[in-house]
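Along the sequence shown, residues are numbered consecutively beginning with 1.
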Amino acid sequence: MRIVKLLFILIIMMLGAVFAVHNSDPVLFNYYFDSRELPLSLIITVALGVGVVIGILSAIGLVVALKRENAALKRRSKLVSEEVNNLRTIPLKDK
């Protein structure tokens with residue numbers, strides 16, 4: 001499994017290098033205060049990275065809420081299990 005991960009990372013790095021070589025042409029990047037010529041591959045990579053960070057930050061709230069709900073459900077399940085066990089130990093009364 002470790003070799004498969006290593007090969008996968010190596011393939012991704014090779015594809016990234018090929019991408020950078022094929023898109024190395026400088027383009028004019030205009031931002032709010034100034035403009036500068038940067039390689040197209042750098043601009044696309046930075047935009048992808050910013051998108052990933054924004055996606056992760058937007059998902060953090062959902063993950064935290066789900067973890068909180070999961071913890072509450074585990075506590076409730078434990079209490080119910082304890083109650084069931086207590087009820088099982090109570091002796092039955094004959095009428």
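Legend: residues meeting side chain to side chain contact (heavy atoms under 4.5 Å, CB included) with F29, ordered by chain and number and at least two apart, are Y31, L38, I43. For L57, the side chain to side chain contact (heavy atoms under 4.5 Å, CB included) test picks out V53, I60, with sequence neighbours left out. Scored by the side chain to side chain contact (heavy atoms under 4.5 Å, CB included) test, L6 finds no partners at all (sequence neighbours excluded).
Residues R88 and N85 have side chains in contact (heavy-atom distance under 4.5 Å, counting atoms from C-beta outward). Residues R75 and L79 have side chains not in contact (no heavy-atom distance under 4.5 Å, counting atoms from C-beta outward).
Between P39 and S24, the shortest heavy-atom distance links the atoms CB-O, 4.1 Å.
Linking ILVMFWY side-chain heavy atoms closer than 4.5 Å, directly or via other members, places V46 and I56 in two distinct hydrophobic clusters.
When each of V4, I3, I9 is checked for a side chain to side chain contact (heavy atoms under 4.5 Å, CB included) with L7, only I3 meets the rule.
Side chain of S77 to main chain of L73: no donor-acceptor pair is present (N/O by atom type, distance under 3.5 Å, no hydrogens or angles).
Residue-environment remark: CD (E83) stays at or below the threshold of 12 foreign heavy atoms within 6.0 Å.
With rounding to the nearest 0.5 angstrom, the NZ atom of K67 is 8.5 Å from the CG atom of N70.
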